[in-house]
A.B. asks: 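Before we start, here is the structure in question, set down as structure tokens.
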Number of protein chains: 2
Amino acid sequence: MSTIHSFTEENYLKAIYHLSTGNNSVVSTNQIAEITNTKAASVTDMLKKLAEKKLINYIKYQGVTLTEAGKNAAVNIVRKHRLWEVFLVEKLGFKWDEVHDIAEELEHINSESLINRLDDFLGNPAADPHGDPIPDRSGTIHQKKLVRISDMQQDQNGTISGVSEHSSVFLKLLEKMGLTLGTKIRVSELIEFDGSIILIVNDHADRTISREVAKNILVML
Amino acid sequence: MSTIHSFTEENYLKAIYHLSTGNNSVVSTNQIAEITNTKAASVTDMLKKLAEKKLINYIKYQGVTLTEAGKNAAVNIVRKHRLWEVFLVEKLGFKWDEVHDIAEELEHINSESLINRLDDFLGNPAADPHGDPIPDRSGTIHQKKLVRISDMQQDQNGTISGVSEHSSVFLKLLEKMGLTLGTKIRVSELIEFDGSIILIVNDHADRTISREVAKNILVML
DNA sequence: TATTTTTTTTAGATTAATCTAAAAAATAAA
DNA sequence: TTTATTTTTTAGATTAATCTAAAAAAAATA
Ligand SMILES: [Mn+2]
Ligand SMILES: [Mn+2]
Ligand SMILES: [Mn+2]
Ligand SMILES: [Mn+2]
């Protein structure tokens, strides 16, 4: 099960995976270059290699999609990344804005038994510290239906369950405003002037957030 | 603090460290080639590079020693290796013969805060699952004085506290014979014929071990 | 449809880590 | 102290991953 790929190949697979689960499923060379911090020429080289290994479907000038094998490999890396993030926060006491870079390294450790034991040790968590779902050992992802606060109606209630922006500044801001995962909110008022929103947090405190912030907080209704 | 070195450089530094703390402090090109599974020519190339970076003292044809900087780097890798081994055994339930290869990968994860938090999480252990001392965060190693069973006198008592052979076959054998770390033993008889030794284990069971096995079990008197 | 702009690929180099084969130096043996 | 053996270094190649600059293809605009 699961052939070994180089550190670099894994990062490309992961990049393609994240890009293709975003909007469109076909991913372009430039998009990959952007998030892997490389140049388009380097990406083209790697795409040939990954296609050779049957991890992606690649036709010149037409973008790429992951094959089943490629997708499995990518999902496995995502699984490892997210489990390590849970470990770092739950067991070692890191803040949710501090774990991503370390998990970027840990996700490349190759040991099936390690990751499955870690999963059990953590109590088989369903989501990582940012609310992102953790694929189970068979690669299945159980994604809960979430909506952005910016898409909620007046007087609607929900529980903060994820974020769609992972930068440290954003996460620290949410922390400071008490808008962390599990927090109950109610949309109290939609400000017409600039789209900002007034929330009732945990039934009492009220907080005003900008539309930009509201767009990046995901809520379970 | 602590510059970043490549994965490969770290493995060479660690190899030199282990070789130089063994017997003689000056390490030869061939010795390094042997334990890094490379050829002498490759080692020479790397030695030039490490010397350039002032991590080793290297004079052509004369072998190498670690500089202070090189030794610090090496000790830090050893610290990480051993702490991860404790984690794998104590928290994830791996056996002591299963953890080395995984730790070989984990030891290259670079994060000072990660390793210090891990250290605290594990309760600042003094030794790894094989009894090897764990350097503290300043790099100091508190090595207990241990003797080989093969060097013990008749009727002498001690507690098994380490091994000088880390192969899986050897560790599994000790496990099967109940000669794991912390076990109390007494040398009951020294067999003249082949040098094998009869032990009293935990005050009752008696076990005969070969001289070869006795040489690789370390005891605190 | 013809032209311009953008995207992608190719060509050719570079760097890190490795190798084999040959040369040079050090060590051991005669 | 020669000669032979072993160890180490150099020379020259290779592979993976990257880059810049130029060419080719696709997409957008006029
Ligand atoms: Mn992350
Ligand atoms: Mn995450
Ligand atoms: Mn080990
Ligand atoms: Mn160990």
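To find a chain, count down the sequence lines: A is the first, B the second, and so on, and within it residues start at 1.
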A.B. asks: For the pair B/D119 and B/R79, find out whether any cationic side-chain nitrogen is under 4.0 Å from an anionic carboxylate oxygen.
C.D. replies: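 Result for this pair is yes, salt bridge flagged.
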A.B. asks: Given side chain to side chain contact (heavy atoms under 4.5 Å, CB included), test A/V27 with A/L66 step by step and report yes or no.
C.D. replies: CA-CA 9 Å; A/V27 177; A/L66 291 171; over 6 Å; no
A.B. asks: What closest approach, in Å, do A/K95 and A/E98 show between heavy atoms, and which atom pair accounts for it?
C.D. replies: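 Answer, listing the atom of A/K95 first, then A/E98: N-OE1, 2.7 Å.
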A.B. asks: Determine: side-chain N/O of A/K39 to OP1/OP2 of D/dA21, distance under 4.0 Å, yes or no.
C.D. replies: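 No, because none of the side-chain N or O atoms of A/K39 sits under 4.0 Å from OP1 or OP2 of D/dA21.
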A.B. asks: Using atom CD of A/Q62 as one end and atom C1' of D/dA27 as the other, report the distance to the nearest whole Å.
C.D. replies: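 Checked: the CD to C1' distance equals 13 Å.
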A.B. asks: For A/I59 and D/dA24, what is the distance between atoms CD1 and P respectively, to the nearest whole Å?
C.D. replies: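 The distance from CD1 of A/I59 to P of D/dA24 comes to 22 Å, rounded to the nearest Å.
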A.B. asks: Under a 3.5 Å limit for both distances, which nucleotide forms a Watson-Crick or G-U wobble pair with D/dG12, could you say?
C.D. replies: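 When the pairing criteria are applied, C/dC19 turns out to be the nucleotide that pairs with D/dG12.
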A.B. asks: With heavy atoms under 4.0 Å as the rule, sort B/F7 into base, sugar-phosphate or nothing.
C.D. replies: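 Answer is nothing: B/F7 stays at 4.0 Å or more from every strand.
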A.B. asks: Need one value for A/Y12: base, sugar-phosphate or nothing, where a base atom within 4.0 Å counts as base even if backbone is also close, heavy atoms only.
C.D. replies: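 Sugar-phosphate contact only.
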A.B. asks: Below 4.0 angstrom from OP1 or OP2 of D/dT8, is there any side-chain N or O of B/K60?
C.D. replies: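 So the side-chain polar atoms of B/K60 never come under 4.0 Å of the phosphate oxygens OP1 or OP2 of D/dT8.
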A.B. asks: Rounded to whole angstrom units, what separation is found between the CG atom of B/D45 and the C1' atom of D/dT8?
C.D. replies: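 One finds 12 Å between C1' of D/dT8 and CG of B/D45, rounded.
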A.B. asks: State the pairing partner of D/dT29; accept Watson-Crick or G-U wobble contacts with both distances under 3.5 Å, and report none otherwise.
C.D. replies: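 Partner of D/dT29: C/dA2.
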A.B. asks: Which nucleotide in the list C/dT18, C/dT9, D/dT18 gets nearest to the side chain of A/A40?
C.D. replies: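 So the side chain of A/A40 is nearest to C/dT9.
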A.B. asks: For A/S28 and C/dT8, is the shortest distance between a side-chain N/O and OP1 or OP2 below 4.0 Å?
C.D. replies: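 A/S28 to C/dT8 OP1/OP2: side-chain N or O found under 4.0 Å.
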A.B. asks: Would you indicate, yes or no, if D/dT18 has its OP1 or OP2 atom less than 4.0 angstrom from a side-chain nitrogen or oxygen of A/S42?
C.D. replies: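 Negative; the distance criterion is not met.
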A.B. asks: Does D/dT10 have OP1 or OP2 under 4.0 Å away from a side-chain N or O of B/Y61?
C.D. replies: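 For D/dT10, neither OP1 nor OP2 has a side-chain N or O of B/Y61 closer than 4.0 Å.
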A.B. asks: DNA chain D: B/A41 or A/E9, which has the more 5' nearest nucleotide?
C.D. replies: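 Closest to the 5' end, via its nearest nucleotide, is B/A41.
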A.B. asks: Is the phosphate of D/dA16, meaning OP1 or OP2, less than 4.0 Å from a side-chain N or O of A/S6?
C.D. replies: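 Result: no.
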A.B. asks: Is any side-chain N or O of A/T44 closer than 4.0 Å to OP1 or OP2 of C/dT10?
C.D. replies: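 It does not, given that no N or O in the side chain of A/T44 lies less than 4.0 Å from OP1 or OP2 of C/dT10.
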A.B. asks: Is there a side-chain contact between A/T38 and the phosphate of D/dT18, meaning an N or O under 4.0 Å from OP1 or OP2?
C.D. replies: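 Result: no.
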A.B. asks: Could you check how far CE of B/M46 sits from C1' of C/dT18, rounded to whole Å?
C.D. replies: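 Going from CE in B/M46 over to C1' in C/dT18 covers 10 Å.
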A.B. asks: Using whole Å, report how far CD1 of A/I32 lies from P of C/dT8.
C.D. replies: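 In whole Å, C/dT8 P lies 9 Å from A/I32 CD1.
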A.B. asks: Can you find a side chain N or O atom of B/N30 that sits less than 4.0 Å from OP1 or OP2 on D/dT6?
C.D. replies: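 Answer is no, no contact under 4.0 Å.
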A.B. asks: Pick the nucleotide of DNA chain D nearest each of B/L47 and A/T8; which residue has the one closer to the 5' end?
C.D. replies: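 In this pair, the answer is B/L47.
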A.B. asks: Within 45 degrees of the axis of the six-membered ring of A/F121 and under 6.0 Å from its centre: does A/K91 put its NZ or CZ there?
C.D. replies: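 Yes, A/K91 sits over the ring of A/F121.
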A.B. asks: Once you round to the nearest 0.5 Å, how far does CZ of B/F87 lie from CG of B/D128?
C.D. replies: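 It is 15.0 Å, given to the nearest 0.5 Å.
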A.B. asks: Can you tell whether the side chains of B/E107 and B/K14 come within less than 4.0 Å, N to carboxylate O?
C.D. replies: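 B/K14 and B/E107: salt-bridged.
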